[in-house]
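In what follows, a structure is listed as structure tokens, so that the remarks can point back to it.
Indexing begins at 1, ligand by ligand and atom by atom, following the structure's order.
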Amino acid sequence: MNSTAAEPELAEPYLREWLSTVGLDVEYVRAEGNTLYFLDDGREVPVLDYAGGYGSLIFGHNNPEIVAHAKALLDGGSPVHAQFSRHPYANQVATALNRIIHRELGTDEPYSVIFGNSGAEANEAAIKHAELDRVLRIQQLGEELAAHVEQVRAAVADGTARVSGRALAAAGAEAGEDPLEALLAGVARHNAERLARPPLFLALEGSFHGKLVGSVQLTHNAGYRAPFGALAAQARFVPIGRPEELKRIIEEERAELLDLVVTDGAVEVVPRAFPVFCAFLLEPIQGEGGINVITAEFGQAIQQACAEIDLPIVIDEIQSGMGRTGAFLASSLIGLRGDYYTLAKSLGGGIAKTSVMLVRRSRYRREFELVHSSTFAKDHFSCHIALKVLEMLEADDGRAYRTAGELGEKLTAMLEAVRADFPDVVKEIRGKGLMLGLEFHDQSEGSDEGIRETARAGFLGYAVAGYLLREHRVRTFPTASAANTLRFEPSTLISDAEICQLGSALRGVCSVLRLQDGKRLGGA
Ligand code: PMP
């Protein structure tokens, strides 16, 4: 099934070699709906695609309506790149997104929209915006504190106030010859120390927010993150479903600046909360972490804890959003409200590369528009494709959302039936709508040496994916950071027959694992 090109492999040669060891280095030559085709002796062989572009294909490969729209745009000579001009179509995308989000959240607060080209880029824009907001808030706090210092100096100079021993102690200072100067030096030292600390982020264990310099530090998988730790701000990772741990981490990192006030003729030190954290990023359903669903209870606990310290929540809907779970935003199903949202993948209709970052008005800093941009972002072509996708999602009173929900139930029922027949092989089925995962029991103590070693190396899911492709012409992959979990993210076009085909394929691989037939799994 491989094309035998004579040229040397220069494009990511190591990855290609690795894919070939599990039989996944297939060249696909055509795609439509849920099907990809490769050539075998000049004949097209169909492969049923459950990987779905990792969630980028809510309406399938090369959806005819989207492709026709794209052709019309190109045939019409649309000005793809006209940076620094009016972009009414970008505004239309923003308006459409607001309309949908307002309906789902039951709010009318506008969200401003910043465009990008990829999921990680949208998250990086959110990270940058949240940091700009934090820096501006700190600046304002600094100005207030400086004004108070001047007031205190004046009050001490004209004899209406004196420095108390309590204030000196609070600032870690000793009276010396000039108690006011000693106090001010202590306060300045304390504050400078806090201000010099880099910002921190909060994220969840199992999170995946991208692999760019900033976003990879908020991606929990240490393999992706650790080598680059020195390049960007760090996150504290909160275990899923453990609100008490969230509280503990917030408490542990809490910091205060020291402010000065005059009360009843005495200069006093007053602590002011310092925004240590920049933002809390989270996925309502973790994709790469193994299809882990955040519960409404945990969502509420996060919402409350963040409100208490005025910490913005960035909801990463890059994989879970765009209707896949039966709602436009998976987070709306658990009543979680974000200060920011990020969307990408299916927003491009399977043919454009585009992403958005949304910020609610009460947090929006217009200065951001002057310090953040990208040559390719907000282009005419991808905005019009995004508009088309949003129109298709909303058509017929949101039929696409209902379809995703209904098909998700069918798919879940099939997966649960497989689990019921193979409880020794399948551990759990997770997810919502058309974002589902099947976790295999750990095979690292399996009786077959090949299976055991593959599992120990963390490659079981890839070996299973290779088997499903070879033997059943079904394409799926494990999630990036949980290799025992297979993901299923088909389009809303998935048919009963295609669900059945996946069922047979999974039963096939479950039998192989039950029988510990390592040779068959490995393709020997
Ligand atoms: N966030 C989430 C939740 C994702 O699933 C992904 C991609 N799998 C990203 C961010 C990064 O998106 P991209 O690969 O387009 O940079």
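- Protein heavy atoms come within 4.0 Å of atom 12 (O) of ligand 1.
- Taking the six-membered ring for Trp, H220 and F208 have ring centres at least 6.0 Å apart.
- Of the candidates L347, T342, I114, V356 forms a side-chain contact (heavy atoms from CB on, under 4.5 Å) with just one, namely L347.
- In the vicinity of N123, heavy-atom distances shorter than 4.0 Å reach the ligand 1 atoms 1 (N), 10 (C).
- Close N/O approach between K345 and ligand 1 is found [any backbone or side-chain N/O within under 3.5 Å].
- When heavy-atom distances to ligand 1 are checked against a 4.0 Å cut-off, H209 comes that close only through its backbone atoms N, CA, C and O.
- You'll find the ring centres of F381 and H81 outside the 6.0 Å limit.
- Looking at H209, R225, Q234 one by one, the single match for side chain to side chain donor-acceptor pair (under 3.5 Å) with Q217 turns out to be Q234.
- The aromatic rings of F368 and H129 lie perpendicular to each other, with more than 60° between the two planes, well past the 30° mark.
- Taking the ring centroids of H87 and F115, they lie at or beyond the 6.0 Å cut-off.
- Atoms of ligand 1 found under 4.0 Å from any heavy atom of Q319, numbered from 1 in the order shown, are 4 (C), 5 (O), 8 (N).
- At the top of the distance list for atom 15 (O) of ligand 1, counting protein heavy atoms only, stands G119 N, 2.8 Å.
- Aromatic ring orientation, Y50 versus F488: perpendicular (interplanar angle above 60°, classes split at 30° and 60°).
- Remark: the E369 side chain and the Y364 side chain contain an N/O donor-acceptor pair separated by less than 3.5 Å.
- The contact set between ligand 1 and A120, taken as ligand atoms under 4.0 Å from a residue heavy atom, comprises 11 (C), 12 (O), 13 (P), 16 (O).
- Neither the backbone nor the side chain of T342 has any atom closer than 4.0 Å to an atom of ligand 1 (non-hydrogen atoms only).
- Distances shorter than 4.0 angstrom do not occur between any heavy atom of Y54 and any atom of ligand 1.
- Close approach of ligand 1 to E283 is summarised as follows: ligand atoms under 4.0 Å from at least one heavy atom of the residue are 3 (C).
- Residue I318 places no N or O, backbone or side chain, under 3.5 Å from any N or O of ligand 1.
- The aromatic rings of Y401 and F328 stand perpendicular to each other, their planes meeting at an angle above 60°, with 30° marking the opposite boundary.
- Ligand 1 has a nitrogen or oxygen under 3.5 angstrom from a nitrogen or oxygen of D316.
- Here's the thing with G210: none of its N/O atoms is less than 3.5 angstrom from an N/O atom of ligand 1.
- Residue E288 touches ligand 1 through its side chain alone, judged by heavy-atom distances below 4.0 Å.
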